[in-house]
Amino acid sequence: MRYMSTRSGDEFFSPSEAVLKGIAPDGGLFVPESVPKLPFAPGKCPDMTYRECAQQIMGLFLDDYTEDEMRSFVEEAYSDNFDDSRIVPFRKAGGAMFMELWHGPTMAFKDMALQILPRFMTAAAAKNGSDEETVILTATSGDTGKAALAGFADVPGTRIVVFYPKDGVSLVQERQMITQKGANTCVIGIKGNFDDAQKGVKTMFTDEGLNELLKGAGFRFSSANSINIGRLVPQIVYYVYAYQNMVNEGEIKAGDEINIAVPTGNFGNILAAYYARTIGLPVKNLICASNKNKVLYDFFRTGTYDRNREFYVTSSPSMDILVSSNLERLIYHICGGEDSHEKCASLMAGLSGSGRYSIDSSMEERLSMFCGGYADEEKTAAEIGRLFKESGYVADTHTAVASAVLKDYRDKSGDMTPAVIASTASPYKFAPAVVKAIDPGMFDEDPFVCVDNLAKISNLPVPRQIDEIRIPDIKHDRVCDPAEMDIEVKRFLGVL
Ligand SMILES: *Cc1c(COP(=O)(O)O)cnc(C)c1O
C-alpha cells in the first residue's frame, strides 16, 4: 500500500510514514493510492472475534507492519481495557441495530482507534529511523482529547498537547481531560470553538519556521485527529464486524445490503464506513446525521459546502463542527480523472479563502450513496425519549441524532433496509441532557446529580471513570486565545 496527499500525486508514503506524519507536507490528507479488497466473504465468518477482524482489516491498509506486530498491537489495544469482553456489543432497539463503540476507557468511540494509534506511532518511528520525539497535537470537540490523552500518556518517545474549546464541551468531558496524569501530557482550553482549535493545529503542522525550530530541539509533530490515517483505519473494522453481527442475529443473509447511520462531526467515522463499502462490504446507503450545525446536510442537498454561518453549541458537542476535515478525502475520491489532486486542492483553497466551494454534477453523482439529515435539539431530545419508552434503551445525545435522522430517512424514503447505527458515546458522558430528555423531573443543575439519577432511570451502573472525577484532581488549567496556541506548545516543549 502507498499513500499520497489529496492535493498532489507526485510523492508516495508508506503506511507507517503516513501514520508518523499525520498530515501530508502540502497540508492535504493522506489517501490510499488504490483501495484494497476485503480478504474474506462478508457475513461468512460467524465465529470471527473483534480482534481477528481488526487484524485482517488493518493488515490490508497498513501493510508495512508485520503480522506479528499487528497481532500484538491488536491484542493489547482491544483487551480488558474495555468493559465488555466482546469489545463492541450490539443492541437492537427502536427498529435498528445499535453498535456500541463506547466500552473503552474514555467512554466514547474515539477509543476504538486511540487505544491502538500510539502503538502504530511508536513502531512507525522505529521503522522509519526517526529518533525525534513525536509531539501529538490534538484539537478536540470533547472526546478525542481524552481518548488521545489516555492512549499516549507516558508512552516513551511521545508528548501530547490537547486544545479544547473552553466553553464548548460537557463538564464530564472537561473534567476527564483536565485531570489527566502523565508527565508528557498538556491540556489547554482555548477561547474559541472546535474549528478555531483545528485551524490552529493545522497551521502549526505546516508552519515551516516552527517545524524547523522543533527539529533543532529533537521534536516532530504528528496528529491524533482523524486526519491521521492511523485513526481512520481502525474505524473501518467495526463496520465489517457489524455486518457479520447482522448475519449472526438473523437480521440479514450474507450478501444482503445494510444501511449505516453515523452521527457526524469531522466526517471521520462515516468516511471509515465509506471505505468499508469501497473494499466490498455490502452497504447500500450511508446516512450522515448532523445536529443543528448542519453544514454537511446542506452540502449533500445542494452540492455547496459553506462554513459561513452561525456556530451553535449543542447538547451533542462532539458534533459541533463547521469545517469537517475528512470531507476532503471524500472530495478527492469523487473528483475522478487525471486531475483529481488539482481539483481537490483548488476546492480546498476555496474553503480556506471564501469559506465555501461547490462540486460539479459528475462529482454529485458519485455521492449518491450518501444521504444527509439533521436533528435539532428538540428532535434529539424527543428521540432519546422515544428510544427509552419503546425499548428501554438509553442513548446518548450524539447517538440519538443518528437515530432520529435514520427514522426521518425511513419515513421519507420508505427504504427499510436493515440498519446499523453507530452508537458513539456512553449516555453517562452527557447525563444532564439525557436525563432531561427521559424524565425532566429528574433533571438537576448539578451534572453529578444527573449521573446518579441516570443510574436510577437506566439501571446501568455508574462507570468508574465518572466516579473518579466527582472531586477533580486538576492537573491542567491553562487557557489561551487561538492566536497563542503555538506559544503554548513552545512553552510546554521548553523551546520558547
Ligand atoms: C467525535 C464524535 C462524533 C463525530 O465523529 P466524527 O468522526 O468527527 O464525524 C460523534 N459522536 C461522538 C460521541 C464523538 O465523540
Practice task
Starting from the C-alpha separation in whole Å, work towards a yes-or-no answer on salt bridge (Lys or Arg N to Asp or Glu O under 4.0 Å) for Glu76 and Arg119.
Solution key: CA-CA 9 Å; Glu76 289 159 19; Arg119 302 170 211 278; 2.8 Å; yes
Exercise for the section: Specify whether Phe90 and Tyr241 have parallel, tilted or perpendicular ring planes, treating 30° as the upper limit for parallel and 60° as the lower limit for perpendicular. Expected result: tilted
Handout entry: Atom of Phe152, atom of Ala224 and distance for their closest heavy-atom approach
Key = CE1-CB, 4.2 Å
Exercise for the section: With the side chain counted from C-beta on, respond yes when Met319 and Thr314 share a heavy-atom pair under 4.5 Å apart, and no when they do not. Expected result: no
Completion exercise
The reported gap from CG in Asp439 to CG in Asn453 (rounded to nearest 0.5 angstrom) is 8.5 Å
Practice task
Answer yes or no: are there more than 12 heavy-atom neighbours, outside Lys37 itself, under 6.0 Å from its atom NZ?
Solution key: yes
Practice task
Please determine, by modelled atom types, if Tyr78 and Gln115 share a side-chain donor-acceptor pair under 3.5 angstrom.
Solution key: no
Handout entry: Within-4.5 Å side-chain heavy-atom neighbours: Val169 and Pro165
Key = yes
Problem - For Leu387 against Gly94, the heavy-atom pair lying closest together - result: CD2-CA, 4.0 Å
Problem - Polar side-chain atom of Arg410 near backbone of Gly95 as donor-acceptor pair, under 3.5 Å - result: yes
Practice task
Would you check if the side chain of Thr417 reaches a backbone N or O of Asp415 as a donor-acceptor pair within less than 3.5 Å?
Solution key: no
Handout entry: Backbone N/O of Asp64 and side chain of Lys127: donor-acceptor pair under 3.5 Å
Key = yes
Exercise for the section: Report the relative orientation of the aromatic rings in Phe205 and Phe221; use parallel for angles under 30°, tilted for 30 to 60°, perpendicular for over 60°. Expected result: perpendicular
Practice task
Please state whether the rings of Tyr274 and His333 are parallel, tilted or perpendicular, taking 30° and 60° as the class boundaries.
Solution key: tilted
Problem - Shortest non-hydrogen contact between Asn228 and Ala18, atoms and distance - result: OD1-O, 4.2 Å
Problem - side chain to side chain donor-acceptor pair (under 3.5 Å) assessment of Lys202 paired with Ser325 - result: CA-CA 10 Å; Lys202 278 193 181 169; Ser325 281; 3.0 Å; yes
Handout entry: Non-hydrogen side-chain atoms of Lys146 and Lys110 separated by less than 4.5 Å
Key = no
Exercise for the section: Verify the distance criterion only: is there a donor paired with an acceptor across the side chains of Asn266 and Asn225 at less than 3.5 Å? Expected result: no
Handout entry: Full working for salt bridge (Lys or Arg N to Asp or Glu O under 4.0 Å) between Glu383 and Lys379
Key = CA-CA 6 Å; Glu383 185 67 2; Lys379 200 167 195 166; over 6 Å; no
Exercise for the section: Given side chain to side chain donor-acceptor pair (under 3.5 Å), test Glu328 with Thr6 step by step and report yes or no. Expected result: CA-CA 7 Å; Glu328 175 167 349; Thr6 45; 2.6 Å; yes
Practice task
Determine the minimum heavy-atom distance between Pro263 and Ala422, stating which atoms define it.
Solution key: CD-O, 3.4 Å
Exercise for the section: Evaluate ring-ring contact (aromatic ring centres under 6.0 Å, His included) for Phe300 paired with Phe370, printing each intermediate quantity in order. Expected result: CA-CA 7 Å; Phe300 286 117; Phe370 281 93; 5.2 Å; yes
Exercise for the section: Evaluate whether atom NZ of Lys284 has more than 12 neighbouring non-hydrogen atoms of other residues, nucleotides or ligands under 6.0 angstrom away. Expected result: yes
Practice task
Walk me through it: do Met363 and Cys335 pass the test side-chain contact (heavy atoms from CB on, under 4.5 Å)?
Solution key: CA-CA 6 Å; Met363 291 173 72; Cys335 274; 3.8 Å; yes
Fill in the blank from the handout: Interatomic distance, OG@Ser16 vs OH@Tyr3, rounded to 0.5 Å, equals 10.5 Å
Practice task
Could you walk me through whether His103 and Ser426 pass side-chain contact (heavy atoms from CB on, under 4.5 Å), step by step?
Solution key: CA-CA 8 Å; His103 290 272; Ser426 159; over 6 Å; no
Handout entry: Side-chain touch Trp102/Asp143, heavy atoms, less than 4.5 angstrom
Key = no
Handout entry: Steps toward salt bridge (Lys or Arg N to Asp or Glu O under 4.0 Å) verdict (Arg71, Asp68)
Key = CA-CA 5 Å; Arg71 183 177 312 110; Asp68 281 347; 3.0 Å; yes
Problem - Sidechain-backbone polar pair: Arg7 side chain, His341 backbone, donor-acceptor under 3.5 Å - result: no
Handout entry: Beyond-backbone contact of Pro46 with Val247, side-chain heavy atoms, under 4.5 angstrom
Key = no
Exercise for the section: Can you measure from OG1 (Thr264) to NZ (Lys294) and round to the nearest 0.5 angstrom? Expected result: 15.5 Å
Practice task
Give the ring-plane orientation class for Phe98 versus Tyr393, where under 30° counts as parallel, over 60° as perpendicular and anything between as tilted.
Solution key: tilted
Exercise for the section: Report yes or no: do Glu377 and Ser315 form a side-chain donor-acceptor pair below 3.5 Å? Expected result: yes
Problem - Close aromatic pair by centroid cut-off 6.0 Å: Tyr374 and Tyr297 - result: yes
Exercise for the section: Kindly indicate whether the side chain of Phe267, heavy atoms from C-beta on, has any atom under 4.5 Å from the side chain of Cys288. Expected result: yes
Problem - Criterion salt bridge (Lys or Arg N to Asp or Glu O under 4.0 Å) on Lys456 and Asp452, from CA distance to verdict - result: CA-CA 7 Å; Lys456 288 180 201 145; Asp452 293 329; over 6 Å; no
Exercise for the section: Indicate yes or no: at least one non-hydrogen side-chain atom of Met48 is less than 4.5 angstrom from one of Gln56. Expected result: no
Completion exercise
To the nearest 0.5 Å, atom CG of Asp376 lies from atom OG of Ser290 at 12.0 Å
Practice task
Indicate yes or no for a side-chain donor-acceptor contact from Arg329 to the backbone of Ile227 under 3.5 Å, with no hydrogens or angles considered.
Solution key: yes
Practice task
Measure the shortest side-chain to side-chain distance between Ile466 and Met107 over non-hydrogen atoms and say whether it is less than 4.5 angstrom.
Solution key: yes
Problem - Point-to-point distance, once rounded to the nearest 0.5 Å, from CE of Met177 to OG1 of Thr106 - result: 10.0 Å
Exercise for the section: Say whether Tyr239 and Asn269, considering side chains only, have a donor N or O and an acceptor N or O under 3.5 Å apart. Expected result: yes
Practice task
Is it possible for you to check whether Arg2 lies under 6.0 Å from the centre of the six-membered ring of Phe12, through NZ or CZ, and within 45° of that ring's axis?
Solution key: yes
Handout entry: Side chain Thr140, main chain Gly145, donor-acceptor under 3.5 Å
Key = yes
Handout entry: Between CD1 on residue Ile260 and CE on residue Met369, distance to nearest 0.5 Å
Key = 12.0 Å
Practice task
Looking only at non-hydrogen atoms, find the nearest pair between Asp111 and Gly104 and report the distance.
Solution key: OD2-C, 3.2 Å
Exercise for the section: Indicate whether the side chain of Tyr305 and that of Asp298 have a donor and an acceptor atom separated by less than 3.5 Å. Expected result: no
Practice task
Would you check if the side chain of Asp195 reaches a backbone N or O of Ile321 as a donor-acceptor pair within less than 3.5 Å?
Solution key: no
Problem - Main-chain N/O of Ser130 paired with Asn128 side-chain donor or acceptor, under 3.5 Å - result: no
Handout entry: Side-chain donor or acceptor of Ser423 paired with backbone N/O of Thr399 under 3.5 Å
Key = no
Handout entry: Derivation and outcome, side chain to side chain donor-acceptor pair (under 3.5 Å), residues Ser226 and Asn326
Key = CA-CA 7 Å; Ser226 51; Asn326 273 293; 2.8 Å; yes
Fill in the blank from the handout: For Thr179 and Arg175, the nearest pair of non-hydrogen atoms, with its separation, is OG1-O, 2.6 Å
Practice task
Could you tell me whether the side chain of Asn81 and the main chain of Ala77 form a donor-acceptor pair under 3.5 Å?
Solution key: yes
Exercise for the section: For Lys44 and Gln244, test the side chains for any donor-to-acceptor distance below 3.5 angstrom and give the result as yes or no. Expected result: no
